[in-house]
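Here the structure comes first, spelled out in structure tokens, and everything after it is commentary.
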Amino acid sequence: MPAHPDASAPHCGRPATAPQREKADELFDRLSSLLRDAADPDADPARLVREADRAFDTLHRHLSRGGALPRPWRDARH
């Protein structure tokens, strides 16, 4: 068994498709954007936390269902 199984492949063992990888990247980008916005002194922190929480939940559900990893995570794997 490999040290790092390919989590970007669905549970059935098929490689992730381009649309699946794009979906993962969109979810990751949304969460990352919200977290970067938190540094803005004019931002509403309570709103950002709520939105970031929802974005994280969506990404978590995607990954838990065997969805592809976002590109930054795929690229960071060894």
Side-chain angles (χ1 to χ4, degrees):
M1 173 179 269
H4 299 286
D6 185 1
S8 67
H11 292 297
C12 63
R14 293 185 202 140
T17 64
Q20 291 167 337
R21 289 189 301 271
E22 289 172 16
K23 174 73 172 181
D25 291 344
E26 289 171 11
L27 296 171
F28 178 86
D29 290 345
R30 174 71 179 142
L31 176 58
S32 296
S33 175
L34 288 165
L35 295 175
R36 278 191 305 272
D37 289 350
D40 181 350
D42 295 326
D44 176 0
R47 179 189 60 81
L48 285 173
V49 166
R50 287 190 302 272
E51 288 184 35
D53 185 52
R54 284 191 297 271
F56 179 83
D57 284 343
T58 303
L59 178 58
H60 180 259
R61 279 193 308 276
H62 167 80
L63 295 171
S64 296
R65 293 178 179 148
L69 288 173
R71 176 174 296 282
W73 296 354
R74 287 191 314 266
D75 291 348
R77 295 181 62 207
H78 299 237

Inset, instruction - Name all pairs fulfilling the ring-ring contact (aromatic ring centres under 6.0 Å, His included) condition that reach into residues 36-74, sequence neighbours left out, sorted by first residue then second. - result: Phe28-Trp73
Legend entry - ring-ring contact (aromatic ring centres under 6.0 Å, His included) contacts touching residues 33-54 (sequence neighbours left out): none
Inset, instruction - Could you tell me which non-hydrogen atom of Leu35 sits nearest to which non-hydrogen atom of Ala52, and how far apart they are? - result: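 Nearest heavy atoms, Leu35 then Ala52: CD2-CB, 4.2 Å.
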Legend entry - For the student: nearest non-hydrogen atoms of Ala68 and Leu63, plus distance: O-CD2, 3.5 Å
Legend entry - Shared hydrophobic cluster, Leu59 / Leu34 (ILVMFWY, side-chain heavy atoms < 4.5 Å): no
Inset, instruction - Kindly say whether Arg71 contributes a backbone atom to a donor-acceptor pair with the side chain of Arg21 at under 3.5 angstrom? - result: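 Flag not set: sc Arg21 to bb Arg71 has no pair under 3.5 Å.
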Inset, instruction - Go through the structure and list residues passing side-chain hydrogen bond (donor to acceptor under 3.5 Å, both in side chains) with Arg61, not counting sequence neighbours. - result: Thr58
Inset, instruction - Working to the nearest 0.5 Å, report the span between CG of Leu31 and CG of Asp53. - result: 9.5 Å
Legend entry - Shared-cluster residues of Val49, by chain and number - hydrophobic side chains joined below 4.5 Å: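 The other cluster members (ILVMFWY side chains, heavy atoms under 4.5 Å, direct or chained): none.
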Legend entry - side-chain hydrogen bond (donor to acceptor under 3.5 Å, both in side chains) contacts touching residues 24-44 (sequence neighbours left out): Arg30-Glu51
